[in-house]
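The structure appears below as structure tokens.
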Amino acid sequence: MPVELVTGEAVALDIRVARLASRALALFIDVLLQFMALYFCLIFVSMTAHVSDSAVTVGLTLLTMVGVLVGYPTITETLTRGRTLGKLALGLRVVADDGGPERFRQALVRALAGFLEFWMLAGSPALISSLVSRRGKRLGDIFAGTIVIQDRVPVNVMLGPVAIMPPQLAPWAASLELSRLPDTTALAARQYLTRFWELAPLVRDEMGRRLMDEVLTYVSPPPPQGFRPEIYLSAVLAERRHREERRLAERNSG
């Protein structure tokens, strides 16, 4: 399911939210791994019962369960920037609502909520929340401010971004200075492109010229001549989105 995610710089990224089925399969893999880890850890704990009192055994058992059920998702998602082994296998990733990488605090909140959702209440709160939420968020995602996205997915042109880079304007767009472009102006231009075919031709042309003049007061160098306003706007927004995606990719891999 494609949705629009707006970053802290008000740059709109078109992403695909992970489907419930793929999240469930990733969870199954993770739960299977956790059960295996619990099994071997509890065997070790039971062996210590012969040389320690019952209070120590109970404490070690609780510590083992917390370490596996809460520590596993927290540590793996923190170290891999939003992936457990199950998510890695299904091509999923947890990111913050602003598109940034998941942080330790967010991973811990998701893991603690997941303990309640999956282990205490058999997953029913997570299922209901995911079905109700437009972005498929379970309670842990709501509390942590995160979203699970499909990290590996073929690009579908029909579901692609609104602003597409015109090949003729790519060299000009690559040289643009965009730091002065206000977020409100960029979002207005995007909304215009989104509604482009819904507008009457005269209104469409007038709005396009007005938005182009406004955008070009903030960016440099001047554009080449001979293109319609919507083409200029598409080039500027596509380049802005491309730079933001590159910045987020560098931050995720850093």
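For reference, positions follow the sequence shown, starting with 1.
- The main-chain N or O of G82 is never found under 3.5 Å from a side-chain atom of R93 such that the two would form a donor-acceptor pair.
- The 12-atom threshold is not exceeded at CG of L202, counting heavy atoms of other residues, nucleotides or ligands nearer than 6.0 Å.
- Atom CD in E117 sits 10.5 Å away from atom CD1 in I128 (nearest 0.5 Å).
- Formation of a donor-acceptor pair under 3.5 Å by the R19 side chain with backbone atoms of Q150 is not found in this model.
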task = Check step by step if side-chain contact (heavy atoms from CB on, under 4.5 Å) holds for V219 and E177.
result = CA-CA 6 Å; V219 303; E177 170 55 49; over 6 Å; no

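- Around CZ of R103, the count of heavy atoms belonging to other residues, nucleotides or ligands within 6.0 Å does not exceed 12.
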key: Verdict with supporting geometry, I231 and L169, side-chain contact (heavy atoms from CB on, under 4.5 Å)   = CA-CA 9 Å; I231 304 301; L169 292 179; 3.7 Å; yes

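- Closest of all the heavy-atom pairs between T78 and A107 is OG1-CB, 3.6 Å.
- The distance from atom CZ of F35 to atom CG of D30, rounded to the nearest 0.5 Å, is 12.5 Å.
- Using a 4.0 Å cut-off between charged nitrogen and carboxylate oxygen, R247 and E244 count as a salt-bridge pair.
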task = Please lay out, stage by stage, how E102 and R81 fare under the test salt bridge (Lys or Arg N to Asp or Glu O under 4.0 Å).
result = CA-CA 6 Å; E102 182 188 24; R81 299 298 181 94; over 6 Å; no

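- Cluster annotation: L33 and L27 are assigned to distinct hydrophobic clusters (Ile/Leu/Val/Met/Phe/Trp/Tyr, side-chain heavy-atom contacts under 4.5 Å, transitive).
- Following chains of ILVMFWY side-chain contacts shorter than 4.5 Å, one can reach V31 starting from F115, so the two form part of one hydrophobic cluster.
- Between atom CG of residue L139 and atom OG of residue S130 there is a gap of 8.0 Å, rounded to the nearest 0.5 Å.
- L193 and L176 fall within a single hydrophobic cluster, where Ile, Leu, Val, Met, Phe, Trp and Tyr are joined by side-chain heavy atoms under 4.5 Å apart, directly or via other members.
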message = I'd like to know whether T84 forms a side-chain contact (heavy atoms from CB on, under 4.5 Å) with L88, so could you lay out the CA-CA distance, the side-chain angles of the two residues, the decisive distance to 0.1 Å, and finally the verdict.
response = CA-CA 6 Å; T84 59; L88 181 63; over 6 Å; no

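- The existence of a salt bridge linking D141 and R135 is excluded, since no basic side-chain nitrogen approaches an acidic carboxylate oxygen closer than 4.0 Å.
- The distance from the OG atom of S220 to the CG atom of L178 is 8.5 Å, given to the nearest 0.5 Å.
- Criterion: ILVMFWY side-chain heavy atoms under 4.5 Å apart, direct or through other members. Under it, L108 and F143 are not part of a common hydrophobic cluster.
- Annotation: M165, atom CE; neighbour count of heavy atoms from other residues, nucleotides and ligands within 6.0 Å is above 12.
- The heavy-atom pair separating L211 from A189 by the smallest distance is CD1-CA, 4.2 Å.
- Remark: E214 CD is packed, more than 12 non-hydrogen atoms of other residues, nucleotides or ligands lying under 6.0 Å away.
- What you find for A18 and L92 is that their closest heavy atoms are CB-CD2, 3.7 Å.
- When each of R138, K137, R110 is paired with V148, the side chain to side chain contact (heavy atoms under 4.5 Å, CB included) condition holds for R110 and for no other.
- Taken from CG in L60 to OG in S46, the straight-line distance is 11.0 Å, to the nearest 0.5 Å.
- Remark: side-chain polar atoms of W172 are paired, donor with acceptor, to backbone N or O of P221 under 3.5 angstrom.
- Neither side chain, Q106 nor T146, offers a donor N or O lying under 3.5 Å from an acceptor on the other.
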request  = Could you walk me through whether L85 and T76 pass the side-chain contact (heavy atoms from CB on, under 4.5 Å) test, one step at a time?
outcome  = CA-CA 8 Å; L85 294 177; T76 54; 5.5 Å; no

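- In the hydrophobic cluster analysis, where Ile, Leu, Val, Met, Phe, Trp and Tyr join through side-chain heavy atoms closer than 4.5 angstrom, F118 is grouped apart from V94.
- Here R210 does not pair with D205 in a salt bridge; the nearest charged N to carboxylate O distance is not below 4.0 Å.
- Here the side chain of E77 pairs no donor or acceptor atom with the backbone of T74 at under 3.5 angstrom.
- Here the two rings, on W119 and Y72, have centers that are 6.0 Å apart or farther.
- Between L38 atom CG and T61 atom OG1 the span is 10.0 Å, to the nearest 0.5 Å.
- Contact between Y192 and R204 at its shortest, heavy atoms only, is OH-O, 2.9 Å.
- Between I142 and S129 there is a side-chain heavy-atom pair separated by less than 4.5 Å.
- Note on R190 versus D183: no salt bridge recorded, every NZ/NE/NH1/NH2 to OD/OE distance being 4.0 Å or above.
- Across all their heavy atoms, P223 and L216 have their closest contact at CG-CD1, 3.7 Å.
- For I29 against A89, the heavy-atom pair with the smallest separation is CD1-CB, 4.1 Å.
- Counting only distance, with no hydrogens or angles, the side chain of Y232 and the backbone of P224 share a donor-acceptor pair below 3.5 Å.
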